Amino acid sequence: MIAADMTCRELVGWVTDYREGMLPVYQRVRFAAHLHYCGSCRRYITQMRQTIRALALLRGS
Amino acid sequence: MLLTDLIQAEAECCSPAARELLDRLCAGDEERFRQFVLRHGVTMRRVAAMVTGNSTLAEDAVQETWLAVMKGLPGFAGRSSFRTWVFRILVNRARTLASREWRSIPVSQLPAPSQAADPLAHRFDHPEHPGHWTIMPLPEWGRSPEQDVLNGEVRDLVAKAIAVLPTAQREVITLRDVEGWPAAEVCNVCGLSEVHQRVLLHRARTRVRAALEAWYLERRR
């Protein structure tokens with residue numbers, strides 16, 4: 001059965017694990033599949049990336 | 001009637017190729033799935049826009065269709081072609097949306113930002129698809145936050161957002177994301193397990209992102 005039905009709420013909870021490479025294979029597939037069709041979650045991921053980059057720019061300030 | 005013509009024109013018979021795709025989707029072949037979504041998305045959007053007369057609703061219809069497809073895929077009996085089945089769902093969703101004018105709640109209806117432990121509470125109370133976005137992430141943060149930081153605009157905001165975090169979260173996000181230290185070193189320095197460190201980082205980032213979103217939202221009001 002396809003790794004379907006990851007909800008947006010679930011995905012948001014997995015974001016950090018995903019970035020750290022800590023998602024189990026099964027969850028990683030579900031995560032990536034969800035992003036293929038969910039524009040809202042793609043936007044969230046982008047915003048998280050932007051947030052982290054903004055934090056890095058505080059370095060040394 | 002024009003729509004059924006369109007669907008039939010695009011429908012494939014349940015050919016061996018279609019059946020193979022279906023089997024691969026059911027087997028979790030992600031790349032095939034991705035290609036399928038890409039290939040059909042344009043047409044789906046066009047059909048949905050035709051039904052709803054509205055590109056925003058069309059986008060909603062397409063997204064909700066994929067949700068329904070994911071849910072219904074194990075039960076798909078193959079009586080029609082796969083494409084026909086998908087587009088039938090799409091047309092029904094589009095019609096429902098057009099008639100009901102259900103719209104995702106705009107971010108402007110969010111309550112004033114607070115330091116809630118879970119800034120995303122109540123963002124996923126979709127009436128039909130529990131767990132999916134109701135109040136979606138604010139679109140177009142505009143110029144990227146990096147540029148704003150360089151201009152000094154967002155610097156104070158992000159610093160403030162970090163400052164009001166619980167201590168442990170503040171420590172981890174400062175060392176990991178501001179200072180750029182690797183996870184193992186932060187664990188050693190802070191006396192944390194790897195899992196605990198990651199949980200703290202996750203919560204801290206979620207809050208800082210929420211603070212940024214609220215800030216962009218305020219600027220629009």
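These figures come from a predicted structure and were not determined experimentally. Every chain is numbered from 1, with letters handed out A, B, ... down the list of sequences.
- Taking the six-membered ring where the residue is Trp, W133(B) and F124(B) present tilted rings, their angle falling between 30° and 60°.
- Proximity of a side-chain donor or acceptor of Q197(B) to a complementary backbone N or O of L192(B) within less than 3.5 Å is not detected.
- The part of E194(B) that comes within reach of chain A is its side chain, from C-beta onward, which places non-hydrogen atoms under 4.5 angstrom from that chain.
- Counting heavy atoms from C-beta on, the side chains of V86(B) and H40(B) never come closer than 4.5 Å.
- The contact between E20(A) and chain B is made entirely by side chain atoms (from C-beta outward), counting heavy-atom distances below 4.5 Å.
- Under a cut-off of 6.0 angstrom, the local environment of CZ in R198(B) is crowded, with over 12 non-hydrogen atoms contributed by other residues, nucleotides or ligands.
- Between the side chains of R53(A) and Q50(A), not a single donor N or O lies within less than 3.5 Å of an accepting N or O.
- With a 4.5 Å cut-off on non-hydrogen atoms, R176(B) touches chain A through its side chain but not through its backbone.
- In terms of heavy-atom pairs under 4.5 angstrom with chain B, the leader among V15(A), T16(A), T46(A) is T16(A).
- Within the 4.5 angstrom heavy-atom criterion, no atom of T65(B) approaches chain A.
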